[in-house]
J.: 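Please see the structure below; I have some questions.
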Amino acid sequence: MDNENRFELKMTRRTFLAGAAAMGASVSLLGLMDVLTAEAASRLPAAAAGTLSYQACPRNCHDTCTLISKVVDGRIVSVTGDPTHPITAGTPCVKGHCYPTWVYHPDRILYPLKRTGKKGEGGWQRISWDEAYRTITDKFKLIIDTDGAEAILPYSYSGNLGIVNNYGVPFRFWNKLGASKLERAVCSDAGKPATKYTYGQVGGIDPETYAKTKLFVAWGVNHGATNVHIIKFINQARDKGAKLVEINPVRTPLASQADLHLQPRPGTDAALALGIMNVIINEGLYDKNFVDNYTFGFDKLAAKVQDYPVERVEEITGVPAGTVVEFARLYATVKPSIIRVGYGLQRNSNGGRMVRAISLLPALVGMVGVDGGGYVYINGDYWAYDWKALQRPDLLANRQVRSINMNEIGKALNGQTPETRDKPVKALFVYNSNPLAMSTNTNLIKQGLAREDLFTVVVDPFVTDTADYADILLPAATFFEYEDINSDYLGWYVRLNQPAIPPLGESKSNLEVFAELASWMGFTDRCFSESAAEVIKASLQSGSPLFAGITYETLQARHWQKLNLATPFADKKFNTPSGKIEFYSESLAKAGFDPVAEHVPPAEDAEVTPALYAKYPLQLVTPATKYFITTQFHNLPYIQEIYDGPLIFINPRDAEARGVDTGDWVHAVNDRGKVRLKVKVTEAVQPGVVMSPKAPWQKLSPGLNNINALAPDRLGDMGGVSTYHTNLVQVARA
Ligand SMILES: Nc1nc2c(c(=O)[nH]1)N[C@H]1C(S)=C(S)[C@@H](COP(=O)(O)OP(=O)(O)OC[C@H]3O[C@@H](n4cnc5c(=O)[nH]c(N)nc54)[C@H](O)[C@@H]3O)O[C@H]1N2
Ligand SMILES: Nc1nc2c(c(=O)[nH]1)N[C@H]1C(S)=C(S)[C@@H](COP(=O)(O)OP(=O)(O)OC[C@H]3O[C@@H](n4cnc5c(=O)[nH]c(N)nc54)[C@H](O)[C@@H]3O)O[C@H]1N2
Ligand SMILES: [Mo]
């Protein structure tokens, strides 16, 4: 069915007309389509034979590539990047190049399976879809009768960011069922409220405008791993003389090329930002006109920064006072400038406070609402979909259901949260996620998943670490096998995802799985029989001006479309209580924070927890690596060939003190767990800080444990966010 949308790039007008009729595309779009496809075709290297179709890479990634796959004799033979897309510009990342081997991986699950061995051991028997659905829905009905629907917990996050298959149809099912809600706060949820207190919205500037800047500040973001397609815009600016500053406890590849690299201790960036503002204000370098007209509470900020003289900032952050002054002067005088804040730093116990402090800087120097200048954290609130049509919250029918924070999944499965103490989770339904590899305190999760009285379903293309604990394992189709749309969370696009091939084996899209589960549950609502195309059409009908001119039909013709959005804040209007950018925020005060900004030390720290620090004196940060997207791709042969991990970066001083050298195996330990890692001695990290990337599979790692066995399940200061990087450990030779 989905395959009707297959589409040949080099089709003739006649074959196109037939195809357009099958797709229901409007004939008035023909002219436009011919022009665009001809342009795309002319720029594709030797793309001649084979059927081409367009995918929107649904991995959780800032870049969100538009891919073009070629099918010969029913098989995908190549995947490349759309050469006409400004961000993708013809090339996927190292992982995108591997997609054919991902789709046709011999380990793909192709049939529904039930577990035959013990939980965690694997051991599978093929069953029919009917048996799988009957087992799941019989169990769900029993649980609903005895414990209520809230005893069922869906667990999903970002394995696939499709609007239909992740954000849409599954929610309809859970709402209808009345299952517990999952608070999906692993990723960026502290930085969002933090930014909103300042600007009244989260959405920031277009990454394509980076090319126009004179100063680019990458603050807690690792472009070389997580934003590779964006580096070209930074380089375009640098070619015209722009300066690059990196602020990161780790010397990333881009930091090693930067004009200036500030290397604060993890969890100290609020103090750093306040120190920078101290210099800018006390030296009179701020934009007085902008501050007077468009900001609120400058006097309070001016008073607050007096607590952060550069000498004290050096003590807290480890950044030399002279470097703080040098950067402050640069930032106040070189314009236009951009601050790009990553998500890594807000995954700290004080991460919301850090983003709040940083977000004040652009306002101080008038870099808001200007072309080539500004602030960007995450642009997800430009996703102006019709969320009600997509997720159908009305199906909950006013039932109040409990909410469980995904960062506490281990505690929840073991009855260690207030919500689950008396009302245990009886069934867990995992899709688009691999919590046993990606979440925190994974030894506790393992203990929960091993519960004999827990019924677990996993839907995934592969037998992941989590899947080993499933009672029923369902084969997920990949995005090359179904239709969807995607949005970037950094770039400003809506993108179509066409199926290239039919689903392999008996695999199914999430849409199909949830629609069929609904039918087995006896749910007769019309929304459970909608096709992907119908869901897409409904989702685009929000009436938002951002989506003006973006329809299912135009996406069929053009594959991606830019949002109808101008420079944010060009009108200098802010959706805050004062209508201005708030240096002082009553809402922040009401939420229990300093109304301006403040540094509080991380929750695991020499000063705050001295006994813990005495045992575990190294701050471990566990950010992204270019080889994986969180847990995905670790199982691909090509990635395994080039993957250099599981590494731990350690400063020469700390290595010497422990008698270890590059290539040695060590254990990183704390009270939560023990992980075996390979040493890389490097000055990329300062003494007292170690780095080991997220998030290999446990079963593909030495010692059958990954770095998240050490990660704390404590929640951050804002938004219930995860705190992976507030993590003290000790390292010793294995
Ligand atoms: N140490 C450490 N750990 C971290 C982080 C960190 O900074 N440090 N970051 C955290 C963050 S920010 C995030 S967002 C999470 C991400 O973690 P997750 O949201 O779990 O994302 P992935 O690992 O990308 O993918 C999860 C699973 O989705 C499956 N999948 C892919 N496509 C489909 C599909 O079409 N259908 C179905 N049913 N399944 C599919 C994949 O095979 C994979 O097993 O990781 C977190 N983990
Ligand atoms: N290749 C690849 N790309 C990815 C992912 C992946 O796993 N691999 N993951 C995807 C996901 S889920 C997300 S959320 C994004 C994340 O995208 P980013 O925000 O770029 O990624 P992270 O790697 O989590 O963290 C970025 C940086 O924050 C730094 N950091 C940690 N603590 C602090 C601190 O206290 N202060 C400062 N200044 N810096 C700090 C780390 O050293 C790291 O270099 O990337 C997405 N893209
Ligand atoms: Mo994320």
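Both ligands and their constituent atoms are indexed starting at 1 by order of listing.
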J.: Starting from the C-alpha separation in whole Å, work towards a yes-or-no answer on ring-ring contact (aromatic ring centres under 6.0 Å, His included) for Phe173 and Phe514.
T.: CA-CA 7 Å; Phe173 181 79; Phe514 282 99; 5.6 Å; yes
J.: I'd like to know if the side chain of Arg353 reaches the main chain of Ala597, judged simply by a donor and an acceptor atom lying under 3.5 Å from each other, with no hydrogens or angles considered.
T.: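 No.
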J.: Should the pair Trp219 and Phe327 be assigned to parallel (<30°), tilted (30 to 60°) or perpendicular (>60°) ring geometry?
T.: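 Answer is perpendicular, since the angle exceeds 60°.
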J.: Over 60° means perpendicular and under 30° means parallel, so classify the ring planes of Tyr343 and His62, tilted if in between.
T.: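 Correct class here is tilted.
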J.: Provide the number and element of each atom of ligand 2 under 4.0 Å from a heavy atom of Lys626.
T.: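 Those atoms are 1 (N).
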J.: If the cut-off is 4.0 Å to any non-hydrogen atom of Asn222, which atoms of ligand 2 fall inside it?
T.: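 Selected atoms, number and element: 20 (O), 26 (C), 44 (O).
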J.: Using distance alone, determine whether Ile247 and ligand 2 share an N or O pair under 3.5 Å.
T.: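 N/O-N/O distance under 3.5 Å: yes.
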J.: Please step through side chain to side chain donor-acceptor pair (under 3.5 Å) for the pair Asn166 and Asn160, ending with a clear verdict.
T.: CA-CA 6 Å; Asn166 187 51; Asn160 161 350; over 6 Å; no
J.: Determine, stepwise, if the pair His105 / Phe462 fulfils ring-ring contact (aromatic ring centres under 6.0 Å, His included).
T.: CA-CA 9 Å; His105 197 297; Phe462 295 102; 5.4 Å; yes
J.: Find all atoms of ligand 2 within a distance of less than 4.0 Å from any non-hydrogen atom belonging to Trp219, and give their numbers and elements.
T.: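 By the 4.0 Å cutoff, the relevant atoms are 38 (N).
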J.: Check each atom of ligand 2 against the heavy atoms of Gly267 and keep those under 4.0 Å away; list them by number with element.
T.: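 Selected atoms, number and element: 34 (C), 35 (O).
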J.: Run through all N or O atoms in ligand 1 and write down each protein N or O closer than 3.5 Å, as a pair with its distance.
T.:
| residue | atom | partner | partner atom | Å |
| --- | --- | --- | --- | --- |
| ligand 1 | 1 (N) | Thr622 | OG1 | 2.8 |
| ligand 1 | 1 (N) | Asn708 | OD1 | 2.6 |
| ligand 1 | 3 (N) | Asn708 | ND2 | 3.2 |
| ligand 1 | 7 (O) | Arg347 | NH1 | 3.0 |
| ligand 1 | 8 (N) | Thr622 | O | 2.8 |
| ligand 1 | 8 (N) | Thr622 | OG1 | 3.3 |
| ligand 1 | 9 (N) | Lys694 | NZ | 3.3 |
| ligand 1 | 19 (O) | Ser158 | N | 2.8 |
| ligand 1 | 19 (O) | Ser158 | OG | 2.8 |
| ligand 1 | 20 (O) | Ser433 | OG | 2.8 |
| ligand 1 | 20 (O) | Asn434 | N | 3.1 |
| ligand 1 | 23 (O) | Thr631 | N | 2.9 |
| ligand 1 | 23 (O) | Thr631 | OG1 | 2.5 |
| ligand 1 | 24 (O) | Ile629 | O | 3.4 |
| ligand 1 | 24 (O) | Gln632 | NE2 | 2.9 |
| ligand 1 | 25 (O) | Gln632 | NE2 | 3.2 |
| ligand 1 | 32 (N) | Arg59 | NH2 | 3.2 |
| ligand 1 | 35 (O) | Asn160 | ND2 | 2.9 |
| ligand 1 | 35 (O) | Ala477 | O | 3.4 |
| ligand 1 | 35 (O) | Tyr482 | OH | 2.7 |
| ligand 1 | 36 (N) | Asn432 | OD1 | 3.2 |
| ligand 1 | 38 (N) | Asn432 | OD1 | 3.4 |
| ligand 1 | 38 (N) | Val459 | O | 3.1 |
| ligand 1 | 38 (N) | Asn510 | OD1 | 3.0 |
| ligand 1 | 39 (N) | Asn432 | OD1 | 3.2 |
| ligand 1 | 42 (O) | Asp460 | OD1 | 2.7 |
| ligand 1 | 42 (O) | Asp460 | OD2 | 3.4 |
| ligand 1 | 44 (O) | Asp460 | OD1 | 3.4 |
| ligand 1 | 44 (O) | Asp460 | OD2 | 2.7 |
| ligand 1 | 47 (N) | Met438 | O | 2.8 |
| ligand 1 | 47 (N) | Tyr724 | OH | 3.1 |

J.: Under 4.0 angstrom from ligand 2, any heavy atom of Tyr377?
T.: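 Judged by the 4.0 Å heavy-atom criterion, Tyr377 does not count as contacting ligand 2.
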J.: Just checking, Lys508 and Trp129: is the charged tip under 6.0 Å from the six-membered ring centre and within 45° of the axis?
T.: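 Yes, a cation-pi geometry.
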J.: Show which atoms of ligand 2 fall inside a sub-4.0 Å distance from at least one heavy-atom site of Val250.
T.: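 Within the 4.0 Å cut-off of Val250, ligand 2 contributes 42 (O).
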J.: Would Gln698 and Lys446 count as a side chain to side chain donor-acceptor pair (under 3.5 Å) here? Give the steps.
T.: CA-CA 11 Å; Gln698 298 200 1; Lys446 208 176 272 182; 2.9 Å; yes
J.: For Tyr431 and Tyr155, run ring-ring contact (aromatic ring centres under 6.0 Å, His included): C-alpha distance rounded to whole Å, both residues' side-chain angles, the deciding distance at 0.1 Å, then the answer.
T.: CA-CA 7 Å; Tyr431 57 102; Tyr155 189 100; 9.1 Å; no
J.: What atoms of ligand 2 come closer than 4.0 angstrom to any heavy atom of Ala225?
T.: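 Counting from 1, the qualifying ligand atoms are 1 (N), 2 (C), 3 (N).
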J.: In this structure, does ligand 2 have an atom that sits under 4.0 Å from one of the heavy atoms of Lys95?
T.: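 Distance cut 4.0 Å: Lys95 passes for ligand 2.
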J.: Can you tell me which portion of Met354 lies within the under-4.0 Å heavy-atom range of ligand 2? Options are side chain, backbone, both, or neither.
T.: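 Side chain only.
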J.: Whether the Glu607 and Tyr613 side chains hold a donor-acceptor pair (N or O, under 3.5 Å, no angle test) is what I'd like checked.
T.: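 Glu607 vs Tyr613: no donor-acceptor pair found between side chains.
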J.: Heavy-atom contacts under 4.0 Å between Thr625 and ligand 2: side chain, backbone, both, or neither?
T.: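 Thr625 to ligand 2: backbone contact only, side chain stays beyond 4.0 Å.
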J.: Atoms of ligand 2 less than 4.0 Å from Gly342 heavy atoms?
T.: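 What qualifies from ligand 2 is 19 (O).
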J.: Does only the side chain of Asp269 get under 4.0 Å from ligand 2, or the backbone, or both, or neither? Count heavy atoms.
T.: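 Side chain only.
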J.: Any chance the side chains of Asp484 and Asn165 put a donor and an acceptor closer than 3.5 Å?
T.: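 The criterion, which ignores hydrogens and geometry beyond distance, is satisfied for Asn165 and Asp484.
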J.: Side chains of Arg265 and Thr317 only: does a donor on one sit below 3.5 Å from an acceptor on the other?
T.: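 Note: Arg265 and Thr317 side chains miss the donor-acceptor criterion.
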